[in-house]
There are 2 protein chains.
Amino acid sequence: MTTIKALTGSLEDYLEAIYHLLHQENKARVKDVADHLQVKKSSVTVALRALAKQKLINYAPYGEVTLTLLGEKTAEDVVRRHETLKEFFITVLDVDAKQAEDTACKMEHVLSKEMTDKFIQFMEFIDICPRTGQDWVEKFHNYCGEKHASGDCKGCLNEVKEKIRLLPSVKTKEETLCALSSLKPGEKAEVVKIQHKGTFRKRILEMGVTTGAVLMVERMAPLGDPVDIKIRGYHLSLRKEETKNILVKILR
Amino acid sequence: MTTIKALTGSLEDYLEAIYHLLHQENKARVKDVADHLQVKKSSVTVALRALAKQKLINYAPYGEVTLTLLGEKTAEDVVRRHETLKEFFITVLDVDAKQAEDTACKMEHVLSKEMTDKFIQFMEFIDICPRTGQDWVEKFHNYCGEKHASGDCKGCLNEVKEKIRLLPSVKTKEETLCALSSLKPGEKAEVVKIQHKGTFRKRILEMGVTTGAVLMVERMAPLGDPVDIKIRGYHLSLRKEETKNILVKILR
DNA sequence: CTCTTTTGTTAGATATATCTAACTTTAAGC
DNA sequence: GCTTAAAGTTAGATATATCTAACAAAAGAG
C-alpha cells in the first residue's frame with residue numbers, strides 16, 4: 001500500500017505550476033494555480049489533495065501550499081524535461097515560442113531522464129563541435145525557409161577551418177580561460193577546471209558542474225551574488241565566491 | 001453536432017494498430033488489435049464503435065474492420081509522426097530501439113504537422129550539409145559515450161573538405177545523376193528532376209516528390225515493381241515505370 | 001451437424017480528470 | 001468589527017479509457 005507510483009501527467013502539470021508560482025511569486029494559491037493551468041479552482045483542490053497524499057506538497061484545506069523536499073526535486077525534474085524540449089524546439093528546430101511551449105508541455109511527461117540527457121548532450125555537441133555551432137543551426141533555419149538553399153559551402157568550409165584553427169590555442173593558452181564569475185548573462189562556457197576541494201567540490205560535481213560540461217549564465221544579481229546558471233538542463237544558483245574558482249572556456 | 005473533433009490519443013493508437021495490421025496481415029480482428037495494444041478485447045470493441053462513429057473505419061458488430069479513405073489518411077499521418085520521432089530518436093539521438101518506439105508512441109499524439117516537418121527537414125539537413133552527414137552523427141554518439149571526446153578535429157576537417165570538394169562536380173557532371181529506378185533498397189537520394197508531365201507530375205508533387213526532397217528506397221519487389229520509398233516521412237509505393245523518369249542524386 | 005473452442009459483445013465497475021453549482025472560510029473595505 | 005467580496009471547498013455530474021465477468025456468435029473438429 002501507499003506505493004510510490006509514478007505521477008500522472010496531469011499531476012506533474014500541477015506540481016510544475018506550483019513550482020513556478022512559488023519561485024516567481026513566492027506564493028501558490030489555489031486561484032493562481034487554476035489561472036496558470038486554465039482549469040477551475042475545484043480541480044486544483046482535488047489535485048492538491050492528491051499531491052499532498054504523495055508527500056510532494058504540504059497542504060491542508062485553506063492552508064498555504066509549499067513544496068516538500070521530494071516535491072521540489074520532482075518538480076525540478078519535470079521542469080528540466082520541459083525546458084530541454086522547449087529549448088530544442090526553439091533553438092534547433094526554429095519552432096515559434098508558443099508552439100514550442102505547448103508541445104513541450106504535453107511531451108514532457110513521457111520523456112525519460114536518459115532521453116532528456118541525450119537532448120541536452122546533442123545541443124551541447126552542436127555548440128561544441130567545430131563542424132557545427134550556431135552558424136550551422138542558422139543555415140538549417142534558412143534551409144527550412146528557402147526549401148533548397150544549397151548555400152555557400154565554400155564560405156562555410158572556411159568558417160569551420162577557422163574554428164578548428166583556433167581550437168588548439170584554446171587548449172594551451174591559459175588566457176582564453178576565465179573564472180565563471182567573470183561571465184556575463186547569456187554567455188555560454190565549457191567547464192575546464194574546478195578549483196575547489198572537499199564537500200563543496202563534491203556538491204557541485206553532483207549538480208552536474210563537471211569538466212567538459214557546458215553551462216550558460218542566466219542571471220546575475222546587481223553585485224554578482226547569486227549567479228544563476230543553467231547546466232545540463234538544470235538551473236543552479238551559486239554564490240559569487242563559489243564561481244570564482246570554477247575555470248571556464250567561453251564558447252563562441 | 002457531429003463536429004469533426006480531434007481524435008484522442010487513445011483512438012489514434014487504435015487507428016494506428018488497425019492500419020499496421022491491415023497492411024501487414026491483411027486483417028485487423030478485434031483480438032489482433034487487443035494483442036497489439038495490450039488491452040482487453042472489450043476495450044477494442046468500444047474503440048471500434050468510436051472510430052466508426054467518426055467515419056474512420058467501416059465496422060459493424062461481428063463484422064470485418066476496414067479503413068475508410070479518411071481513416072487511411074488519418075492513420076498515415078499518425079504513422080508519419082510516429083516514424084519521424086522514432087527515426088530521430090534512433091538515428092540522431094542514438095536511443096535504443098525499444099525506448100525510441102515507446103516514447104514515439106506516447107509523443108506522436110501531440111506533434112503538429114509543422115513540427116513533424118521540421119524534424120524531417122532537420123534530419124535531411126544533417127544528411128545533406130557537407131559539414132555534418134552520418135559521420136558527424138557518429139561523432140556525437142561517441143561524444144555521448146566517452147563524455148568528453150574532443151576528438152580528431154583535423155581529420156574531421158579533411159572529411160568536410162573532401163565532401164565540399166566533391167560537391168560542385170555533382171552539380172555539373174550528369175553521370176552522378178541516375179534514375180530513381182536504379183537505386184537499391186536502403187539508398188538515399190535527393191530528387192533532382194522530375195521528367196513527368198500532366199496529372200502524374202501533379203500527383204507525385206503533391207505526395208512530396210519535389211526537387212530537393214530527400215528520399216530513401218525502402219523495398220523493391222523482385223522485378224522492381226512496385227518500389228516502396230519513404231519521403232518526408234511518408235511511405236509511397238510507385239510503379240517501376242513511374243520511377244524511371246525521376247532523376248536523383250545518390251547521397252553519401 | 002453437433003460440440004467445443006475461439007472470437008466478439010455487452011453490461012457494469014473503477015480510475016482519472018475535468019466541470020458546475022452550492023456552500024464555507026478568509027480577507028478587505030469602510 | 002461588521003459586511004461584502006474573494007478565495008477555497010465540497011458534492012455531484014460528465015467524459016474517457018480501462019477492466020472483469022457473463023453472455024452470444026462464428027469457426028473448427030470430429
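Hydrogens, waters and symmetry mates are skipped; everything else that's a heavy atom, side chains included, is used. Please read these numbers as outputs of a predicted model, since none were measured by experiment. Naming: A, B, ... by sequence-line order, numbering from 1 per chain.
Taking atom CD on B:E12 and atom P on D:dA17, their separation rounds to 11 Å, with Å as the unit. Distance NE2 (A:H109) to C1' (C:dT16): 14 Å, rounded to an integer number of Å. Residue A:K41 contributes atom NZ, which lies 16 Å from atom C1' of D:dA11 at whole-angstrom precision. For the pair A:E64 CD and D:dT9 C1', the interatomic distance rounds to 18 Å; values are reported in whole Å. Distance A:K27 NZ to C:dT26 P: 17 Å, rounded to the nearest Å. At whole-Å resolution of the value, NZ in B:K40 and P in D:dT20 are 5 Å apart. Between A:L37 atom CG and C:dT18 atom P the separation is 8 Å, expressed in whole Å.
At the heavy-atom level, A:T45 lies under 4.0 Å from base atoms of the strands shown. Using a 4.0 Å heavy-atom cutoff across all strands shown, B:K31 reaches sugar-phosphate atoms only and no base atom. Among the atoms of the strands shown, only primed sugar atoms or phosphate atoms (P, OP1, OP2) are found under 4.0 Å from some heavy atom of A:V39.
With B:L67 as the partner, the side-chain contact (heavy atoms from CB on, under 4.5 Å) test is satisfied by one option alone out of B:I57, B:N58, B:L51, B:L56: B:I57. The residue from B:E76, B:E12, B:E108, B:E87 that alone fulfils the salt bridge (charged side-chain N to carboxylate O under 4.0 Å, His left out) condition with B:R81 is B:E12.
Taking the side chain as every heavy atom from C-beta outward, B:F89 and A:K118 never approach each other to under 4.5 Å.
Side-chain nitrogen and oxygen atoms of B:Y14 include none within less than 4.0 Å of the OP1 or OP2 phosphate oxygen of D:dT16. For B:R49 and C:dT10, the shortest distance from a side-chain N or O to OP1 or OP2 is below 4.0 Å.
A donor-acceptor contact closer than 3.5 angstrom is absent between the side chains of A:H20 and A:E25.
Other residues, nucleotides and ligands place no more than 12 heavy atoms under 6.0 Å from the CD atom of A:E64.
Nearest nucleotide to the A:P61 side chain, out of D:dT9, D:dT18, C:dG8: D:dT9. With distances taken from any side-chain atom of B:S42 to the nucleotides C:dT18, C:dA11, C:dA17, the minimum falls on C:dA11. Out of D:dA24, D:dC19, D:dT16, the shortest distance to the side chain of B:Y62 is found at D:dA24. Comparing D:dT10, D:dG8, C:dA17 by their nearest atom to the side chain of A:S10 picks out C:dA17.
Between B:L48 and A:T8, the residue whose closest nucleotide on DNA chain C is further toward the 5' end is B:L48.
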